[in-house]
Protein chains: 2
Amino acid sequence: MTDINLKKQPAAPGSGEVDRRTADAPEDGIPRDLPYDMMELLFFAYRDFTADADELLTEFGFGRAHHRVLHFVDRNPGIMVTDLLSILGITKQSLGRVLKQLVDLDFIEQQPGPIDRRQRLLYTTPKGHDLATRLMAVQTIRLERAFGEIAPEASTLVRQFLFQMINAETRPDVARLINKKYRPVMPAGRF
Amino acid sequence: MTDINLKKQPAAPGSGEVDRRTADAPEDGIPRDLPYDMMELLFFAYRDFTADADELLTEFGFGRAHHRVLHFVDRNPGIMVTDLLSILGITKQSLGRVLKQLVDLDFIEQQPGPIDRRQRLLYTTPKGHDLATRLMAVQTIRLERAFGEIAPEASTLVRQFLFQMINAETRPDVARLINKKYRPVMPAGRF
DNA sequence: AGTTTATGTCAGTCATATTGACTTGTTTCT
DNA sequence: AGAAACAAGTCAATATGACTGACATAAACT
């Protein structure tokens, strides 16, 4: 669907990558020349990207942690706490505080699992879904604007690039996570 | 050189962007469909990207704040504190702590400005330059590996994409900042 | 019955950021 | 020369988001 999985363009050895300042890594593992520009672009781009959402979030007294929780709960209705923890890569205690706030302020609701009653399955309330959508919207606008300025094939390549930047071990999990539209209740695979 | 500035591919209205799930924003400003996959890829990719450096940094008892300071000082030898602050977008107090540590531990040294003696121009020491280089190296490896898996033209498009993601007002500043190789002493423009 | 799992909670800590106010030099402007 | 602006540093107080380790409870699995 989103074809982020394609791999290994033939890529004649020593050919491609003409425009990059950085060549292949030599024996000592330290590349001869370093892509300073790409690094700095990543830094500035990501910072401005997250700033859009941050602005909206502060109106509600929330931070980035709330955003992430809200996002993944909205995207995975009925997700259990454990799975959310493994997606976010944080500890129970860190999640606890922000999740409690989101529940107390009626952005997220918890329902006991119908099969396993130990679980507190998480769902966004209408209010929570609305905020999640608005957060997506402000960030989408920046994304759309950026892609609107460059070649049409860019979005495919950027997707492939981002996917390849993820740790190889977690790529299959991420692929499963993002390549689904909506499933009301999430199966409990290790995220 | 790195041609991130090119703009406005002709892009016949309504044509391009075939593979994106997201269409243009309608009147209410909220896009009809939202690029969840791209958002999540950005999150996971950036997280893993920064994790490489974090690992190295903790060996020295440093955090991400130290990384950023070290990086921009190494890249802009002789930079003054004010310019560093405006690049990083943080306050004097936040910088103060990490900068002091970097100076005390001999990763960065300060020299009074030869013309304006109010300034404390910043330089990395050999030790500091070495760490900065190693940090670049670990992150470069991930970057190279990612680009090695996808089409050769990807790096150009990714650069363009990242550049367009930056706030329009700061793009010229960023372009100046990244498009220079090495100038021993930095002119003091508003970053 | 005993173990594992899902969740929550307590207490303490750390890193990074914030704001506002104030000081000390130094330079620049009138 | 004197005032204003600027570069840098510092103080105190605060907030956020993360961490660790330990412990508690209920439910489920074997």
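Proteins come first, then strands; the chains are lettered A, B, ... in the order of their sequence lines, and each starts at number 1. Hydrogens, waters and symmetry mates are skipped; everything else that's a heavy atom, side chains included, is used.
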With B for base contact, S for sugar-phosphate-only contact and - for none (protein heavy atoms under 4.0 Å), nucleotides 12-18 of chain C reads ----BBB
Counting primed atoms, P, OP1 and OP2 as sugar-phosphate and everything else as base, the B/S/- map of nucleotides 25-30 of chain D against protein heavy atoms under 4.0 Å is -BBS--
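Screening residues 51-64 of chain A for salt bridge (Lys or Arg N to Asp or Glu O under 4.0 Å) gives Asp52(A)-Arg142(A), Asp54(A)-Arg64(A) as the qualifying pairs, with residues at least two apart or on separate chains.
A ring-centre distance under 6.0 Å is not found for Phe107(B) and Tyr123(B). Annotation: Phe44(B) is not in aromatic contact with Phe163(A) [ring centroid separation under 6.0 Å not met].
Between Thr82(A) and dT5(C), a side-chain N or O to OP1/OP2 separation shorter than 4.0 Å is absent. Considering only side-chain N and O atoms, Arg120(A) lies under 4.0 angstrom from the phosphate OP1 or OP2 of dG8(C).
The side-chain contact (heavy atoms from CB on, under 4.5 Å) test with Thr124(A) singles out one residue from Leu70(A), Val69(A), Thr133(A), and that residue is Leu70(A).
What separates CD of Gln110(A) from C1' of dT7(C) is a distance of 9 Å, to the nearest Å. Whole-Å rounding puts the Leu85(A) CG to dT5(C) P distance at 15 Å. In this structure, Leu99(A) places its CG atom 16 Å from C1' of dA18(D), rounding to the nearest Å. Regarding Leu102(B), its CG atom lies at a distance of 17 Å from the C1' atom of dG9(D), rounded to whole Å.
At least one side-chain heavy atom of Arg134(B) sits less than 4.5 Å from a side-chain heavy atom of Leu56(B).
Classification of the Phe49(A)-Tyr46(A) ring pair by plane angle, with boundaries at 30° and 60°, yields tilted.
Checked for salt-bridge contact, Arg176(A) and Asp173(A) meet the test: a charged N lies under 4.0 Å from a carboxylate O.
In this structure, Arg75(A) forms a cation-pi arrangement with Tyr36(B), its terminal cationic atom sitting closer than 6.0 Å to the ring centre and no more than 45° off the ring axis.
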